[in-house]
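Chain naming here is simple, since letters A, B, ... match the order of the sequence lines and numbering starts at 1 in each.
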Amino acid sequence: MLHEPIKTALNAVTIEMGIGEVEIDLERPRNPSHGDVTCNIALVLSGKLGRPSRDIAVEIAASIEKDTAGIASIEVAGPGFLNFRLSAVTAASILDEIVAKNEGFGRQNIREGAHVMVEFVSANPTGPLHLGHGRQAALGDALASLLEWTGWQVHREYYYNDAGTQIDKLAQSVRVRYLALFGRQEEIPEGGYHGEYINELAESLAEEFGDQFVLDESKKAVEQIRNFSVRCLREEQDSDLDDFGVHFDEYYLESSLHDNGRVNSTLEALKQTGFVYVHEGATWLKTTAFGDQKDRVMVRKNGLPTYFLPDVAYHMHKWTRGYERVINVQGSDHHGTVDRVRSGLQALGLPKGYPEYVLHQMVRVVRDGSEVKFSKRAGTSITLRELYTEVGTDVTRYFFQMRKPDAQMVFDLDAALDYSDKNPMYKIQYAHARMHSIFAKAQVMPEEIESGSADLSLLTEDYERQLINQLRDFPSVLTRAAENCAPHIVCEYLEQTASTANTWYHAGNPSRNPSLAVLVDDSKIRSARLVLARSLQIVLQNGLAILGITAPKRMMQEPANDGT
RNA sequence: GCGCCCGUAGCUCAGUUGGAUAGAGCGCGUGCCUCCGGAGCACGAGGUCACAGGUUCGAAUCCUGUCGGGCGCACCA
């Protein structure tokens, strides 16, 4: 990266001063008048050396090798900040790099192909996907991309809880509606499902199987109803996600853990550890030994396992499949499971923090200032599909991603439906599309713009310098976002980039300020600015790609309701 | 009661891992404007960073406590 020469120059100085190599932190100052790059090393050293930070800063500034590092000037400011201004050539050289790397600009290899699994969505197949799943789908997918961009080999996994009591409740609910179609009244069991989709399932069940389950109350019949319902709901969830642009490498079925004996073998393995005991007819694991609030039941008095046991078996299998890093994206209402799953795994010898969790808070949808709660079809909150059908998948994804996971968020439908620059997602897309229209006007293909094709030292305007600095940040933004499992950092960055770009673009409005326009008469400046325009386009396009959002070349008249 | 998350502009939210005068969008106010592509552009007002202590050169950020909100505390998932 471009900061590198400054780092080495600084290190040379600290070695010369007899301090040796020091951890050096370079940042781009918030305030542009503070230069292109800033460093607080003097403040850090002041404690160590017992000298005033300003004195140290002055000394470093005096002895630094400016020319080789491409530094135009150094200034000591405030308590001892070192503010560097880069020479125009050095600053702009990043543009050649961007254009050369193109779709690869921003990619890093911090973790040379190490394997990581991201598990997300993992909804029970007991109903349509709703808002919370949407947030999770958008978040998990972006996180997975971020990890890919920073060098991880990523596996996207979806865990279907297709076993257990919830599914039984589903089957019973469908059965009751099904019987009603044939004039038989029964009550939906407590904790059962009531949405309109249960009726739909009952109807398709009747269509496919006729009345054959009406009198048949055998175990086998109930199982058939259950399998049918689960199959239909899985298909629906899959197509909801597919249309949302989220895809998985693997769907892992909870039922498989029971079928292939992993649940049992995990139980046996746990028993070997000495942390298992029997109390009041149930089998417990002493999870308090690993920091859990209380011990947990693994096998109930009735002989059936709780969900806890298959959970441990599942995560054990993640480990044995070779994923030494696993990130589970879940709603924060599940945070109670974190400690117990980890405890179970620790009992089996897995590392303490395994797996990692990204827990996201709840979403509220608001229209006209008041909350939209209900979906008739789902019987609960509005579904993911209802949401993205109305506002479009790009906006839906962006809105879910632009807030950090652990903050509760308000999804404002009015803001989402605003098809102008006021909507941050469209603001970014506009900025991208504008560049394309400039190329069209200039009659060049963006792909034809080559690295090294222009004299970038001509980019000396403040507007240009600002934008260049902004673009330079992209790779480090991605590292930070990936390290923090925080896609919203990318959103924040892209929006800011679009703002900077808009300021630059509008400043060069040909009717007002033709000398600042990209397509100026001076052909040398023009080609330099086209490189800048191209670089901007690449950065926006790459950033949007990570978020799973399209980068249109033209904006359409109306938002695309592409969910249907 | 216990645990986790969150309290930052009227509203929705950022805040680069402890740095310079706390930022953005919406809304509001003022002045431009129909342009290389849209209700656009420029500028402005608006803050006791919930509160009280502590840590240090320096705190919205770290520690302790208090208040307020969300979620979770099953032999349900």
Under 3.5 Å, which protein N or O atoms sit close to an N or O of nucleotides 57-62 of chain B? Give each pair with its distance.
none

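- Here B:G37 presents its C1' atom at 10 Å from NE2 of A:H506, a figure rounded to the nearest Å.
- You'll find the ring centres of A:F411 and A:F400 inside the 6.0 Å limit.
- No contact: A:M402 has no heavy atom under 4.0 Å from any strand.
- Going from the P atom of B:G58 to that of B:C2 covers 35 Å, rounded to whole Å.
- Between A:L519 atom CG and B:C35 atom C1' the separation is 14 Å, expressed in whole Å.
- Partners of A:F290 under the ring-ring contact (aromatic ring centres under 6.0 Å, His included) rule, at least two apart in sequence or in another chain, are A:F275.
- In this view, A:H317 and A:Y252, A:R262 satisfy the side-chain hydrogen bond (donor to acceptor under 3.5 Å, both in side chains) rule, not counting sequence neighbours.
- Here A:D414 pairs with A:R367, A:D368, A:D412 under the side-chain contact (heavy atoms from CB on, under 4.5 Å) rule; sequence neighbours left out.
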Table please: side-chain donor-acceptor pairs of residues 73-86 of chain A below 3.5 Å, with sequence neighbours left out.
residue, atom, partner, partner atom, Å
A:N83, OD1, A:T38, OG1, 2.8
A:R85, NH2, A:S33, O, 3.4

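- When the ring-ring contact (aromatic ring centres under 6.0 Å, His included) test is applied to A:F120, the partners found at least two apart in sequence or on another chain are A:F248.
- A donor and an acceptor atom sit less than 3.5 Å apart, one in the side chain of A:S437 and one in the base of B:G37.
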Would you tabulate the nitrogen or oxygen pairs shorter than 3.5 Å linking the protein to nucleotides 74-77 of chain B?
residue, atom, partner, partner atom, Å
B:C75, O2, A:K301, N, 2.7
B:C75, N4, A:E280, O, 3.1
B:C76, OP1, A:R300, NH1, 3.0
B:C76, OP2, A:R300, NE, 2.8
B:C76, OP2, A:R300, NH1, 2.2
B:C76, O2', A:T165, OG1, 2.8
B:C76, O2', A:Q166, NE2, 3.2
B:A77, OP2, A:Y307, N, 3.0
B:A77, O3', A:N161, ND2, 2.7
B:A77, O2', A:N124, OD1, 3.3
B:A77, O2', A:N124, ND2, 2.9

- Task: If a protein heavy atom is under 4.0 Å from the base, mark B; if only from the sugar-phosphate, S; if neither, -; do that for nucleotides 3-11 of chain B going 5' to 3'.
- Result: BBSS-----
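- Comparing B:G47 with B:C13, their C1' atoms are spaced 15 Å from each other, to the whole Å.
- Among the protein residues, A:A77 comes within range of the nucleic acid bases, having at least one heavy atom under 4.0 Å from a base atom.
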- For RNA chain B, what is the dot-bracket line, given that a base pair needs Watson-Crick (N1 to N3, plus N6-O4 or O6-N4) or G-U wobble (N1-O2 and O6-N3) geometry with both distances under 3.5 Å, and | means paired with another strand? (((((((..((((.....[...)))).(((((.......))))).....(((((..]....))))))))))))....
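- In this structure A:Q172 satisfies the side-chain hydrogen bond (donor to acceptor under 3.5 Å, both in side chains) test with no other residue, sequence neighbours excluded.
- Partners of A:H130 under the ring-ring contact (aromatic ring centres under 6.0 Å, His included) rule, at least two apart in sequence or in another chain, are A:H133.
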- Query: Going 5' to 3' along nucleotides 23-32 of chain B, which nucleotides have protein heavy atoms under 4.0 Å from the base (write B), which only from the sugar-phosphate (write S), and which from neither (write -)?
  - Reply: SSSSS-----
